[in-house]
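Note that this is a predicted model, so its numbers are computed, not measured. Excluded from the calculations below are hydrogen atoms, water molecules and symmetry mates; all remaining heavy atoms, backbone and side chain alike, are included. If you read the sequence from its start, that first residue is 1, and numbering goes on from there.
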Amino acid sequence: LPLADTVEKARRLGDLRLSARGWQLTGELDVSSGLDLRGRYRAELPLASLPSLAADLGASTGWPALVGDVTAEGEIEGRAGDAVATVRLLSDAISTASAAHKGSVALAGSGRVASGRLALETLVVRSSSGGQALLAGGVPLPTAAGDWDLNGEVRALDVTPLLLACGMD
């Protein structure tokens with residue numbers, strides 16, 4: 001999409017699709033002549049593909065092999081460079097490949113990304129053996145400075161799956 005054309009007239013980028021190593025991003029985006037954005041997206045990430053994706057980007061996760069899938073979807077709106085994105089996160093049965101039989105965690109949450117921060121309305125972490133942790137607040141994105149500001153409540157959360165996912169038996 002040539003930049004000169006973008007500035008002169010509005011564009012609709014429909015049926016966008018990107019994929020790599022099992023990861024998929026789909027969506028659509030409207031770009032006005034004044035560079036206002038409006039769109040939606042859906043990302044699906046099989047966690048088993050994280051090491052390969054990280055290697056493709058010249059990085060390393062340092063995590064043990066994970067299993068499970070994470071889905072994020074939302075909307076994007078605002079002026080280019082200062083847009084706001086909503087995010088809804090869902091994942092069932094995240095664990096390490098070697099310890100999936102011992103337990104897993106599930107995630108569900110919603111929030112928004114703006115001005116270099118992820119503002120969590122809610123993030124629920126549930127363990128397969130019962131219990132949950134509820135989190136809300138904000139964290140800076142990796143490319144931005146700032147303080148973490150999270151509040152939480154834990155209700156009988158079994159942390160074994162979390163420890164296993166961090167490589168601690």
Side-chain angles (χ1 to χ4, degrees), residues 1-63 65-95 97 104-126 132-152 165:
L1 182 66
L3 183 57
D5 288 347
T6 303
V7 174
E8 293 175 11
K9 51 188 161 182
R11 294 283 185 194
R12 177 168 192 70
L13 307 173
D15 197 27
L16 296 171
R17 296 183 184 279
L18 299 171
S19 64
R21 302 206 183 258
W23 173 81
Q24 294 217 354
L25 175 65
T26 58
E28 58 188 43
L29 184 66
D30 293 324
V31 182
S32 76
S33 59
L35 296 180
D36 291 316
L37 308 175
R38 172 177 242 141
R40 63 170 184 76
Y41 69 92
R42 179 177 174 91
E44 297 176 12
L45 175 64
L47 295 177
S49 70
L50 277 179
S52 298
L53 283 171
D56 288 349
L57 297 171
S60 171
T61 64
W63 299 340
L66 297 175
V67 295
D69 298 315
V70 175
T71 300
E73 61 184 15
E75 294 77 35
I76 300 168
E77 189 168 351
R79 187 122 176 107
D82 194 31
V84 174
T86 61
V87 62
R88 290 175 300 282
L89 180 71
L90 183 62
S91 181
D92 291 327
I94 298 173
S95 184
S104 63
V105 295
L107 303 173
S110 63
R112 65 188 197 97
V113 176
S115 302
R117 287 189 69 76
L118 170 60
L120 292 171
E121 294 169 15
T122 60
L123 178 63
V124 180
V125 180
R126 290 188 176 92
Q132 65 183 15
L134 308 168
L135 299 171
V139 297
L141 297 178
T143 58
D147 294 328
W148 285 57
D149 177 24
L150 289 176
N151 296 303

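The shortest heavy-atom contact between L135 and G152 is CD2-CA, 3.8 Å. Of all heavy-atom pairs between V67 and L47, the closest is O-CD1, 4.0 Å. When every heavy atom of R17 is checked against every heavy atom of T26, the shortest pair comes out as NH1-CG2, 3.4 Å. Of all heavy-atom pairs between P46 and D69, the closest is CA-OD1, 3.2 Å. The minimum heavy-atom distance linking A20 with L53 is given by the pair O-CD2, 3.8 Å. Closest approach of L150 and G138 over heavy atoms only: CD2-N, 4.0 Å.
Taken from OG1 in T71 to CG in D92, the straight-line distance is 9.0 Å, to the nearest 0.5 Å. Put simply, CD1 on I94 and CZ on R126 are 13.0 Å apart, with the number rounded to the nearest 0.5 Å. Taking CG of L29 as the reference point, atom CZ of R38 lies at 11.0 Å (rounded to 0.5 Å). Note that CG of L134 and OG1 of T122 are 8.5 Å apart. Values are rounded to the nearest 0.5 Å.
No side-chain heavy atom of V139 sits under 4.5 Å from any side-chain heavy atom of L120. In this structure, the side chains of W23 and V70 stay at 4.5 Å or more apart for every pair of heavy atoms. Under the 4.5 Å side-chain criterion, counting only non-hydrogen atoms from C-beta, L45 is in contact with L50.
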Next item on the list: Start with the C-alpha gap between V84 and S115, add the side-chain angles, then the distance that decides, and say whether side chain to side chain contact (heavy atoms under 4.5 Å, CB included) holds.
Entry: CA-CA 8 Å; V84 174; S115 302; over 6 Å; no
Notebook entry, point to check: R12 and E28: salt bridge (charged side-chain N to carboxylate O under 4.0 Å, His left out), yes or no, with the steps?
Noted result: CA-CA 8 Å; R12 177 168 192 70; E28 58 188 43; 2.9 Å; yes
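Listed for the T86 side chain is a donor-acceptor partner under 3.5 Å among the backbone atoms of E75. Side-chain atoms of R117 come within 3.5 Å of backbone N or O of D147 as a donor-acceptor pair.
In the displayed structure, R88 atom CZ is contacted under 6.0 Å by more than 12 heavy atoms of other residues, nucleotides or ligands.
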